[in-house]
Amino acid sequence: MSALVKTKSDVQETENIQQLILNTAADAFAEHGFSGTSLRDIGELAGINFQSIRYHFGSKEALWEKVVEVLSRKGQEAGLHHEQAIAGLPLKDQLRAQVRAIIAYQAANPNLNRILMREAMKNSERYKRIYPLYVSGFLELSQKFLGKLQKEGVVKKDIPIKDLVMIFTGALNYRLIAQATSEYYTKKSVDSDAAIEQHAAALTNLLLAK
């Protein structure tokens, strides 16, 4: 067999290394930000030579964008699967289910929001590049969903839709991004079942038209 032909084990090993790098980089970028993280840091955390990261992903910038792409795709796939699952429910129940599902998913997968928040606060060039690719789509889906609920009288109609979307996404994300603040104040872990249920119920009740 030619040395240039990769075996299945070679392909699997490459995929495993790439996944390790992506997972480690996601944790590092979420905790320390882009500027506070180096490829050498990621290599040490992953237990591999940082030159291996360059081989698989190129620059730190390219790795950061790949992390955002992968995390965004996983979130979109989870959201689509859940949306299809609840499509037959009454609209009020769809709202409750959707809010709870988003909070539970983000509590278990906080890195993307933390990474994006760091860049959004600085309005960095990285954020400007990825906003139309990954962020605006979620906002547009939220606007479509909440707009339908407004039209049907399920949620409050006296809040302009774009303000409602920003309030909605802020309420979804803040206590998960500011985890320490939430846990000091509420005395509950943000990813506990009780905290997720209470968070979802509180946000749903705030949105519902009386």
Side-chain angles (χ1 to χ4, degrees), residues 23 26-33 67-68 70-121 134-210:
N23 291 342
D27 290 341
F29 287 138
E31 184 172 355
H32 303 293
V67 165
V68 172
V70 170
L71 294 180
S72 296
R73 184 174 68 247
K74 288 181 178 178
Q76 290 167 359
E77 289 171 353
L80 178 60
H81 177 76
H82 185 259
E83 185 178 345
Q84 292 171 342
I86 66 173
L89 296 176
L91 289 178
K92 186 178 291 188
D93 293 333
Q94 285 189 35
L95 175 62
R96 294 185 188 280
Q98 192 76 310
V99 168
R100 192 204 179 283
I102 294 172
I103 291 171
Y105 181 85
Q106 292 183 350
N109 303 274
N111 281 345
L112 179 61
N113 281 334
R114 291 173 179 168
I115 290 169
L116 294 179
M117 184 60 67
R118 286 179 176 275
E119 298 300 319
M121 288 172 65
Y134 309 115
V135 181
S136 64
F138 175 75
L139 296 176
E140 288 166 4
L141 286 174
S142 297
Q143 179 172 328
K144 181 179 178 181
F145 180 63
L146 293 172
K148 178 178 70 174
L149 296 179
Q150 273 193 332
K151 182 178 179 181
E152 297 297 327
V154 175
V155 302
K156 294 179 173 67
K157 292 185 175 182
D158 57 344
I159 303 174
I161 186 61
K162 291 197 173 182
D163 292 318
L164 183 60
V165 168
M166 295 307 296
I167 292 168
F168 175 68
T169 55
L172 283 172
N173 297 331
Y174 174 72
R175 72 189 303 172
L176 303 175
I177 295 171
Q179 180 175 347
T181 300
S182 177
E183 292 180 353
Y184 289 149
Y185 183 65
T186 66
K187 312 300 183 187
K188 294 179 180 177
S189 173
V190 296
D191 58 357
S192 69
D193 288 341
I196 291 169
E197 292 294 343
Q198 288 185 8
H199 186 178
L203 177 51
T204 302
N205 289 336
L206 285 171
L207 291 170
L208 287 172
K210 302 302 182 183

(request) Check whether any side-chain N or O of Arg118 sits under 3.5 Å from a backbone N or O of Ala30 as a donor-acceptor pair, and report yes or no. (result) yes
(request) Indicate yes or no: at least one non-hydrogen side-chain atom of Leu116 is less than 4.5 angstrom from one of Tyr134. (result) no
(request) Measure the shortest side-chain to side-chain distance between Thr186 and Gln198 over non-hydrogen atoms and say whether it is less than 4.5 angstrom. (result) no
(request) Enter the distance from Ile167:CD1 to Leu203:CG here, rounded to the nearest 0.5 Å. (result) 10.5 Å
(request) Dump the intermediate steps for side chain to side chain contact (heavy atoms under 4.5 Å, CB included) on Thr169 and Leu139, then the final yes or no. (result) CA-CA 8 Å; Thr169 55; Leu139 296 176; 3.9 Å; yes
(message) Minimum heavy-atom separation for Gly153 and Ala209, please, with both atom names.
(response) O-CB, 3.5 Å
(message) When you measure from the side chain of His32 to the backbone of Asp27, do you find a donor-acceptor pair of N or O atoms at a distance under 3.5 Å?
(response) no
(message) Does atom CD (Gln143) have a neighbourhood of more than 12 heavy atoms from anything else shown, all under 6.0 Å?
(response) yes
(request) Begin from the C-alpha positions of Phe145 and Gln94 and carry the test side chain to side chain contact (heavy atoms under 4.5 Å, CB included) through to its verdict. (result) CA-CA 10 Å; Phe145 180 63; Gln94 285 189 35; 4.1 Å; yes
(request) For residues Lys151 and Ile161, determine if any side-chain heavy atom of one lies less than 4.5 Å from a side-chain heavy atom of the other. (result) no
(message) Test your reading of the model: is there a side-chain donor-acceptor pair from Lys188 to the backbone of Glu183, 3.5 Å cut-off?
(response) no
(message) Within the structure provided, determine whether Glu119 and Phe29 are in side-chain contact (heavy-atom separation under 4.5 Å).
(response) no
(message) Could you tell me if the side chain of Val165 sits less than 4.5 Å from the side chain of Leu146, heavy atoms only?
(response) yes
(request) Check whether any side-chain heavy atom of Leu207 sits under 4.5 Å from a side-chain heavy atom of Leu164, and report yes or no. (result) yes
(message) Distance check, rounded to the nearest 0.5 Å: Leu112 atom CG versus Tyr105 atom OH?
(response) 8.0 Å
(message) Using 0.5 Å steps for rounding, measure from the NE2 atom of His199 to the CD1 atom of Ile103.
(response) 4.0 Å
(request) Give, for atom CD of Glu77 and atom OG of Ser72, the distance between the pair rounded to the nearest 0.5 Å. (result) 11.0 Å
(message) Looking at Lys156, I want to see if its NZ is surrounded by more than 12 non-hydrogen atoms of other residues, nucleotides or ligands under 6.0 Å.
(response) yes
(message) Quick check against the 3.5 Å criterion: does Gln98 have a side-chain atom that pairs as donor or acceptor with the backbone of Ile86?
(response) no
(request) Could you check if a side-chain atom of Ile115 sits within less than 4.5 angstrom of a side-chain atom of Leu71, using non-hydrogen atoms only? (result) yes
(request) Answer whether the closest heavy-atom distance between the side chains of Leu80 and Gln76 falls below 4.5 Å. (result) no
(message) Looking at every non-hydrogen atom in both residues, tell me the closest pair between Gln150 and Ile159 and how far apart they are.
(response) NE2-O, 2.9 Å
(request) Evaluate whether atom CG of Asn205 has more than 12 neighbouring non-hydrogen atoms of other residues, nucleotides or ligands under 6.0 angstrom away. (result) yes
(request) Please answer whether the main-chain N or O of Leu176 pairs with a side-chain N or O of Arg114 as donor and acceptor at a distance below 3.5 Å. (result) yes
(request) Give, for atom CD1 of Ile102 and atom NE2 of His82, the distance between the pair rounded to the nearest 0.5 Å. (result) 8.5 Å
(request) Indicate the atoms forming the closest heavy-atom contact of Ala107 with Ile196, along with that distance. (result) CB-CD1, 4.2 Å
(request) For the pair Gln106 and Asn113, evaluate side chain to side chain contact (heavy atoms under 4.5 Å, CB included) and give the outcome as yes or no after the intermediate values. (result) CA-CA 8 Å; Gln106 292 183 350; Asn113 281 334; 3.3 Å; yes
(message) Could you measure the distance from the NZ atom of Lys148 to the CG atom of Leu95? Nearest 0.5 Å is fine.
(response) 10.5 Å
